[in-house]
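So that the names make sense, note that chain A is the first sequence line, chain B the second, and so on, each numbered from 1.
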2 protein chains.
Amino acid sequence: MTHMRPSATPPDDVDRGIPEATIARLPIYLRALTGLAERGMRTASSEQLAAATGVNSAKLRKDLSYLGSYGTRGVGYDVEYLRYQIAREIGVTEDWPVLIVGIGNLGQALSNYGGFSSRGFRIVALLDGDPARVGEQLGDLVISSMDDLDSIVAREAVSIAVIATPGSAAQGVVDRLVAAGVTSILNFAPSVLTVPPGVDVRKVDLSIELQILAYHEQRKAHGGTQLAVSDEVVTL
Amino acid sequence: MTHMRPSATPPDDVDRGIPEATIARLPIYLRALTGLAERGMRTASSEQLAAATGVNSAKLRKDLSYLGSYGTRGVGYDVEYLRYQIAREIGVTEDWPVLIVGIGNLGQALSNYGGFSSRGFRIVALLDGDPARVGEQLGDLVISSMDDLDSIVAREAVSIAVIATPGSAAQGVVDRLVAAGVTSILNFAPSVLTVPPGVDVRKVDLSIELQILAYHEQRKAHGGTQLAVSDEVVTL
DNA sequence: AGGAGTTTGTGAACGCGAGAACAAAATCCA
DNA sequence: TGGATTTTGTTCTCGCGTTCACAAACTCCT
């Protein structure tokens with residue numbers, strides 16, 4: 001793909017503009033392929049991958065076609081080859097250094113989570129705003145002060161950070177992260193973050209997920225139209 | 001809204017068929033309104049709410065219009081009234097009992113998280129498959145055995161559960177939860193879950209979120225088309 | 001009272017993503 | 001070799017969600 005394709009394709013080539021919805025599914029395919037590879041499967045059809053990922057097979061094929069023609073008609077996809085191509089597309093053939101800010105319950109849980117290294121990430125620093133926590137050992141890392149943020153970002157070439165602080169602290173932390181050069185943020189704090197253009201933020205919010213479940217649960221409960229929502233919820 | 005609107009609306013009334021995308025935003029509005037109420041704001045325009053939530057104001061108005069006409073033209077929305085209406089629509093005017101399965105790092109972090117009670121949920125039980133953990137005290141709860149699942153679900157009328165087990169255990173746990181009567185599941189385990197119809201599953205996957213960030217980060221890095229992914233791993 | 005200013009609620013246009021369906025390409029088998 | 005079978009890559013259609021834009025409805029001020 002370094003060489004030009006001569007034909008009708010416009011100058012900006014193949015992998016320009018992969019739909020966001022597809023990108024969000026590539027990690028799912030990647031994980032499924034890793035699983036299949038571990039179980040010794042050498043090749044997989046779109047139907048098999050669909051079963052393993054819970055994604056419609058036509059959608060899956062279309063997703064993969066955005067990356068290029070990596071399948072073989074009549075055969076399927078070479079598991080290892082496709083796995084590598086997806087990893088390359090996502091950009092996780094090598095580990096990204098990640099830092100975590102806010103070492104409370106959640107921050108600790110994240111720092112102990114082992115699944116990162118196998119999925120393209122390596123936690124290089126833990127930061128907390130509470131001076132009393134600085135210096136504390138956690139696994140093989142020591143909690144650093146927020147004052148060391150700039151030097152850590154520079155030294156480790158960090159571009160991705162995770163925020164696990166209370167909501168009230170989040171925006172301040174984001175501002176400092178952005179100033180230090182971080183350009184991708186995964187936010188666990190329950191607050192809306194404002195960032196300059198060029199910085200990506202993704203949000204994970206437990207309460208929101210539960211509330212969405214609660215909405216549907218409520219509909220299941222009093223099955224028909226609304227029934228007697230009036231005074232305290234009846235629950236049945 | 002208890003009284004009929006005389007005009008053209010079809011028999012199955014107002015809140016039939018709120019779009020899924022809207023439902024996913026209602027919790028965001030709810031949180032913003034709670035914040036505004038705490039700061040003493042009595043009324044808020046769609047522009048103000050848009051600023052507080054990061055949602056486009058037209059989209060926000062349309063979302064709210066699915067719930068009914070709760071605003072006043074020229075004025076805006078009554079903060080407290082709208083907050084209650086959204087809470088009622090979601091179904092969080094009273095707390096839902098929730099149980100957590102898998103008390104590892106993440107499960108513990110979740111059980112310690114204080115934000116639940118204010119957002120419509122109450123953790124009523126912690127379960128773990130490891131008999132050695134059973135009986136352990138955590139906050140004001142004691143870890144229960146999986147064997148007690150049925151009786152707990154029945155006693156506490158649980159319909160929502162959180163899975164924080166390793167991926168390998170998740171499907172087995174889900175099957176037991178469903179058998180016990182749980183119909184909504186929030187899954188933190190990195191695996192695809194199969195459930196019978198009528199059961200809702202939502203998935204939160206840290207690695208996937210990070211990988212989506214990594215994809216965009218990679219694009220930022222070598223701005224143009226691909227540049228030099230080459231060295232080693234040539235494989236192709 | 002009436003006009004100017006605000007802000008909601010919604011109709012209409014548009015773009016994106018999902019899924020069905022099928023032609024093209026490869027394998028397999030007689 | 002050639003036909004049957006499998007499976008990909010892609011075209012087409014449809015529905016949903018986002019956004020614009022504006023009329024309707026309300027307040028405020030003179």
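- Using a 4.0 Å heavy-atom cutoff across all strands shown, A:Glu47 reaches no nucleic acid atom at all.
- Spacing between atom CZ of B:Arg73 and atom C1' of C:dT6 amounts to 12 Å, rounded to whole angstrom units.
- Projected onto DNA chain C by closest heavy-atom contact, A:Val75 and A:Thr22 fall at different nucleotides, the more 5' of which corresponds to A:Thr22.
- Heavy-atom distances to DNA chain C give each of A:Asn56 and B:Ala58 a nearest nucleotide, and the one nearer the 5′ end belongs to B:Ala58.
- Per the geometry, CG belonging to B:Leu82 stands 15 Å off C1' belonging to C:dT7, to the nearest Å.
- One interatomic measurement links the two molecules: CG of A:Asp63 to P of C:dG17, which rounds to 10 Å at whole-angstrom precision.
- Here the P atom of nucleotide C:dT7 and the CG atom of B:Asp78 are 16 Å apart, to the nearest Å.
- Comment: B:Arg31 engages A:Asp205 in a salt bridge, judged by a side-chain N to carboxylate O separation of less than 4.0 angstrom.
- Remark: A:Glu89 engages B:Arg219 in a salt bridge, criterion side-chain N to carboxylate O under 4.0 Å.
- The distance between atom CD1 of B:Ile18 and atom P of C:dT10, rounded to the nearest whole Å, is 13 Å.
- Between the side chains of B:Thr183 and A:Glu217, at least one donor N or O sits under 3.5 Å from an acceptor N or O.
- For DNA chain D, the contact window with chain A, defined by any atom under 4.0 Å from a protein heavy atom, covers D:dT6 to D:dC12 in 5' to 3' order.
- Between the P atom of C:dA18 and the CZ atom of A:Arg61 lies a distance of 14 Å, rounded to the nearest Å.
- Ion pair B:Asp200/A:Lys220 flagged as a salt bridge, since at least one NZ, NE, NH1 or NH2 atom sits closer than 4.0 Å to an Asp/Glu carboxylate oxygen.
- Between A:Lys59 and C:dG19 there is a side-chain polar atom (N or O) within less than 4.0 angstrom of OP1 or OP2.
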